[in-house]
Structures are given as C-alpha cells and as structure tokens.
Amino acid sequence: MKNILIIGGGAMGSAFTIPCLENNNKVTITEPYNKSFIKNLSSKKKYHSSLKLQLPRKLKFKNFSKNILNEKFDLIVIALSLPGIDFIGRELKDLRIKTPILILTKGLKYDKKNNKIVTIPELLNKKYNVINVSTLKGPCLAKELANKKQTNVVIANKKIKIAKWIGKQISTKYYLTEFSKDIIGIEICSAIKNIYSMIIGAGQSLNTSSGLFQKSVVEMKYLIKYFKGDEKTIYGLAGTGDLYVSAAGGRNSKMGSYLGKGYTFKTAKKKFMYRDTVEGEQLAKEIAPFIFKKINKKRIPLMLNLLRAIIKNKRLKLT
Ligand SMILES: NC(=O)c1ccc[n+]([C@@H]2O[C@H](COP(=O)([O-])OP(=O)(O)OC[C@H]3O[C@@H](n4cnc5c(N)ncnc54)[C@H](O)[C@@H]3O)[C@@H](O)[C@H]2O)c1
C-alpha cells in the first residue's frame, strides 16, 4: 500500500483516484482552485458534478496548503489543467521533494525569455527546480475511466525503472499501463492532439475528416521530430491513440465542427461554447508566437490555418 496525493479535483484527478484506490493505496485528493470541486470532494457523499458519480468513500480530501506538499507521500500526481502548472510550480519551488511526481496535465508552455516551447516536465524542472518528474498520457476520457472502462495509457521517464514502479502502483485490470523513455515525444503529441482534433472535427463528412486525420498525423510526426522527440511516438497511445479519442468526441472537435461550418472562432465560442474550456484554444494562444515565427510553413499547413483561425479570428481553411 502506497500513500498517494492527487493535486486537482477536476474530472481527471478525481477519476484517477479510482484505479489508485482499487490498487489498495491510501489516496488523498486536494483541490487548490475550484470552489465547486472543493464542495464536491469535501461533502460526505463525494458526488462529483463533472463525473456524475459518487467517488469511493475511502478517498480522503484535504484542503490545499503548502504544508500538504511537505507531508510524506510515495507519489504525487498533478492533475491540474494547463493554467494551473505555473501555480503548482511556484508552490513546489525549491522544496526539493524527492517523491516521484506524475503529470497528467496535457499542454505546452512558451518560454518568452528564451523564445522556446517547453514541455511541462521541463518547465517544472528548469524554472521551479522540481525533480523526479514522470508523465502519464494517452487516450483517456475521465468519465470512462471513472466507470472502469478499459483504458490504456503510457508512463514516461528517462529512468524507465521509475515509470514501471509508478505503473505497478496504479494499474488495474481496466487501467493498463505501458512505458516509454520518450518524455518529449509524449508531451508534444498529447498537447498538439488538442489542435489536430479541432482540425479533424472541422471536416463535415467522414471522408473529409479521415483525410484530415492522415494529414494531421504527418504534421504531428514532423513536429515531434522538430522538438527532438522520437517520431515513432506518433504511433503510440499518446499519438494516434489520443488523437482518435479527441477527434471522435469532446470539446475540441466540437469547436472544430463549428469552424468547419464557416463560423469564426469568436462567434462559435460566444454562440455555442461560451462556458466551455477548449484546451486547443489555450494551447494555440500559448504556442502561436513561436510556431508563426520559427517553423517551416510548408510542413504544417493545417496547424497554421487553425492558429490563424483562433488568433486572427479568420475563417478556417482546410486545404
Ligand atoms: N493524462 C491523462 O490520461 C489525461 C486524461 C484526461 C485529461 N487530462 C488532462 O488533465 C488536465 C485536467 O483535466 P480535467 O478534465 O480534470 O479538467 P477540469 O476542468 O475538470 O479540472 C481542471 C483542474 O485544474 C484546476 N485549475 C484550472 N485552472 C487553474 C488555475 N489557474 N490555477 C490552479 N488550478 C487550476 C482546477 O481547479 C481543476 O482542479 C487537463 O490538462 C487534461 O488535458 C489528462
């Protein structure tokens, strides 16, 4: 039995508690930001409003404070969305916690000072001195995991032993883990699939979307190589695996479908998805300054068209 702390009580952090508990771990969840999740998790029934189910009674909730990070855990899991990464980085800064840290968050950051795109593990390490960071990615809808549907994910760390140790603590019959050393490739894939799933969603027929799927894979492969990941990672769970699930359903492909119908991004957001967080939008805004300036325009025409649609509010072109 290990002692696991999960930071982030949204859909994913909460769903992740289920295999961890089933694997006989002691699991504590904390939520630093969202009042409604705090209310859900601290209530007696533990009914989660996004997952629409009751979380196990064994799950322990603690209010977030810096002190909690100094308590003794065997594994710390970060399940905040991208805007929460700098927050948790600041909280962890210089604590020199040796405990393995596992990142579920998908996304990339733009380091303005050095004009560079950085992965989340790299940002935590270089900017906030966080050590021993692994990442877990793959096709996983939180609601399906919470309902124990078979889910396959990949855990990455250059030290594969650490990735395998984490896998042993969290895998169950329905939560299956693979391992990889390619942290960069996995982080790039799992982030940019939010943009490519919008592009695929923009196709207004299966024929069009399938063609866009194939072209997206080619661009993703190019980008993985550009950022010095292993291009084979595109064929893994964090690549085509995650691209499939995001293109088949979810908020990014829904936004893509409006863009494909000819709405501009601003109109579509206001008219149909006012309250929804579209992760591809957050990522597009983060990486656009770098992509526009630095990357060979001929190699990633779909990505550029999508970035223009979001940043410049232009109608999306798919050719
Ligand atoms: N690795 C995986 O298998 C996997 C699967 C699904 C989702 N995800 C990723 O997990 C992350 C969370 O997804 P979710 O579905 O739980 O989202 P959610 O909206 O349900 O929860 C978001 C979480 O981030 C926190 N947060 C948001 N903005 C914040 C801020 N400014 N400061 C601090 N905390 C903030 C919220 O309080 C909440 O805990 C996303 O990056 C998503 O892509 C990972």
Side-chain angles (χ1 to χ4, degrees), residues 5-20 29-42 48-53 55 61 63-66 77-92 101-109 119-121 123 133-146 149-156 163 166-167 170-171 174-178 180 183 186-187 189-195 197 236-239 241-246 249-252 273 275-283 286:
L5 174 68
I6 295 171
I7 304 172
M12 189 53 210
S14 301
F16 193 77
T17 65
I18 293 176
C20 291
I29 192 162
T30 185
E31 165 57 51
Y33 185 73
N34 182 307
K35 289 201 177 92
S36 132
F37 294 147
I38 293 176
K39 204 168 154 203
N40 291 169
L41 293 163
S42 57
H48 198 281
S49 50
S50 303
L51 296 174
K52 308 226 177 316
L53 52 70
L55 291 163
F61 171 77
N63 285 315
F64 182 82
S65 74
K66 208 168 179 119
V77 180
I78 297 177
L80 302 170
S81 45
L82 192 59
I85 288 299
D86 278 299
F87 160 79
I88 199 65
R90 285 191 295 273
E91 295 292 312
L92 287 165
I101 293 180
L102 181 65
I103 311 292
L104 306 190
T105 313
K106 294 175 180 172
L108 296 166
K109 285 279 187 180
T119 63
I120 297 169
L123 177 91
V133 181
S134 302
T135 187
L136 178 151
K137 300 286 141 71
C140 173
L141 299 176
K143 262 192 200 164
E144 293 197 0
L145 175 60
K149 302 291 178 209
Q150 184 177 309
T151 302
N152 299 267
V153 292
V154 54
I155 304 176
I166 295 173
I170 64 168
S171 320
Y174 57 86
Y175 198 46
L176 307 169
T177 47
E178 294 179 7
S180 166
I183 294 215
I186 282 176
E187 287 292 294
C189 270
S190 62
I192 61 178
K193 63 92 199 190
N194 282 328
I195 287 181
S197 56
L237 291 167
D242 206 358
L243 184 61
Y244 178 83
V245 79
S246 307
R251 288 171 288 195
N252 290 304
M273 298 183 73
R275 286 173 177 274
D276 294 329
T277 305
V278 179
E279 280 184 272
E281 174 197 1
Q282 291 176 343
L283 182 69
E286 188 75 32

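Atoms within each ligand, like the ligands themselves, are counted from 1 in listed order. When reading the values below, keep in mind they use all heavy atoms of this one structure, side chains included, and skip hydrogens, waters and symmetry mates.
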Asks: Just to verify, which of Thr17, Ile78, Leu104 counts as forming a side-chain contact (heavy atoms from CB on, under 4.5 Å) with Ile6?
Replies: Thr17

Asks: With a 4.0 Å cut-off on N to O distance, would you call Glu279 and Arg251 a salt bridge?
Replies: no

Asks: Just need the protein heavy atom nearest to atom 41 (O) of ligand 1, so name the residue and atom and give the distance.
Replies: Lys106 N, 3.1 Å

Asks: Does at least one non-hydrogen atom of Ala142 fall below 4.0 angstrom from an atom of ligand 1?
Replies: no

Asks: Is the shortest N/O to N/O distance between Phe37 and ligand 1 below 3.5 Å?
Replies: no

Asks: Can you pull out the closest protein heavy atom to atom 42 (C) of ligand 1? Residue, atom name and distance to 0.1 Å, please.
Replies: Glu279 OE2, 3.4 Å

Asks: Do other residues, nucleotides or ligands put more than 12 heavy atoms under 6.0 Å from Tyr244 OH?
Replies: no

Asks: For the residue pair Ile183 and Val133, establish whether any side-chain heavy-atom pair is separated by less than 4.5 Å.
Replies: no

Asks: May I ask you to list the atoms of ligand 1 that are less than 4.0 angstrom from any heavy atom of Pro83?
Replies: 30 (C), 31 (N)

Asks: Can you tell me which residue among Phe37, Phe16, Phe61 is in a ring-ring contact (aromatic ring centres under 6.0 Å, His included) with His48?
Replies: Phe37

Asks: Nearest to atom 20 (O) of ligand 1 by heavy atom, Ala11, Ser81, Ser246, Ser190: which?
Replies: Ala11

Asks: Measure the shortest side-chain to side-chain distance between Leu237 and Ile186 over non-hydrogen atoms and say whether it is less than 4.5 angstrom.
Replies: no

Asks: Can you find a non-hydrogen atom of Thr105 under 4.0 Å from ligand 1?
Replies: yes

Asks: To the nearest 0.1 Å, how far is atom 28 (N) of ligand 1 from its closest protein heavy atom, and which atom is that?
Replies: Tyr33 CE2, 3.4 Å

Asks: Mark yes or no for whether Glu31, through its side chain, and Tyr33, through its backbone, hold a donor-acceptor pair below 3.5 Å.
Replies: yes

Asks: Nearest protein heavy atom to atom 33 (C) of ligand 1, by residue and atom, and its distance?
Replies: Gly84 CA, 3.5 Å

Asks: Of the protein's non-hydrogen atoms, which lies at the shortest distance from atom 11 (C) of ligand 1, and what is that distance?
Replies: Leu80 O, 3.6 Å

Asks: Contact between Ile155 and Ile170 at the side-chain level, heavy atoms closer than 4.5 Å - yes or no?
Replies: yes

Asks: Please give me the minimum heavy-atom distance between Leu82 and Leu108, naming the atom from each residue.
Replies: CD2-O, 3.6 Å

Asks: For Asp242 and Ser190, test the side chains for any donor-to-acceptor distance below 3.5 angstrom and give the result as yes or no.
Replies: no

Asks: Of the protein's non-hydrogen atoms, which lies at the shortest distance from atom 7 (C) of ligand 1, and what is that distance?
Replies: Met12 CG, 3.7 Å

Asks: Taking side chain as C-beta onward, heavy atoms only, is Thr135 less than 4.5 Å from Leu102?
Replies: no

Asks: For Leu136, take its heavy atoms, then give the atoms of ligand 1 lying under 4.0 Å from any of them.
Replies: 1 (N), 3 (O)

Asks: Considering only non-hydrogen protein atoms, determine which one is nearest to atom 6 (C) of ligand 1 and report residue, atom name and distance to 0.1 Å.
Replies: Cys140 O, 3.3 Å

Asks: Do Thr30 and Leu41 make a side-chain contact, defined as non-hydrogen atoms from C-beta onward lying under 4.5 Å apart?
Replies: no

Asks: Of the side chain and backbone of Ala79, name the one, both, or neither that has a heavy atom under 4.0 Å from an atom of ligand 1.
Replies: backbone

Asks: Using heavy-atom distances, let me know which of Val77, Leu104, Ile103 sits nearest atom 44 (C) of ligand 1.
Replies: Leu104

Asks: Going by the atom numbers of ligand 1, which of them fall below 4.0 Å from some non-hydrogen atom of Asn34?
Replies: 37 (O)

Asks: Under 4.0 Å from atom 17 (O) of ligand 1, do we find at least one protein heavy atom?
Replies: no

Asks: Kindly write out the residues that satisfy side-chain contact (heavy atoms from CB on, under 4.5 Å) with Glu286, not counting sequence neighbours, or none if the list is empty.
Replies: Lys109, Tyr110

Asks: Which residue and non-hydrogen atom of the protein lie closest to atom 21 (O) of ligand 1, and at what distance in Å?
Replies: Gly10 CA, 3.4 Å

Asks: I need the atoms of ligand 1 closer than 4.0 Å to a non-hydrogen atom of Gly8, numbered in the order shown.
Replies: 39 (O)

Asks: State the atoms of ligand 1, each with its element, that fall below the 4.0 Å cut-off from a heavy-atom position in Glu31.
Replies: 36 (C), 37 (O), 38 (C), 39 (O)

Asks: Could you list the atoms of ligand 1 found under 4.0 angstrom from a heavy atom of Gly9?
Replies: 39 (O)

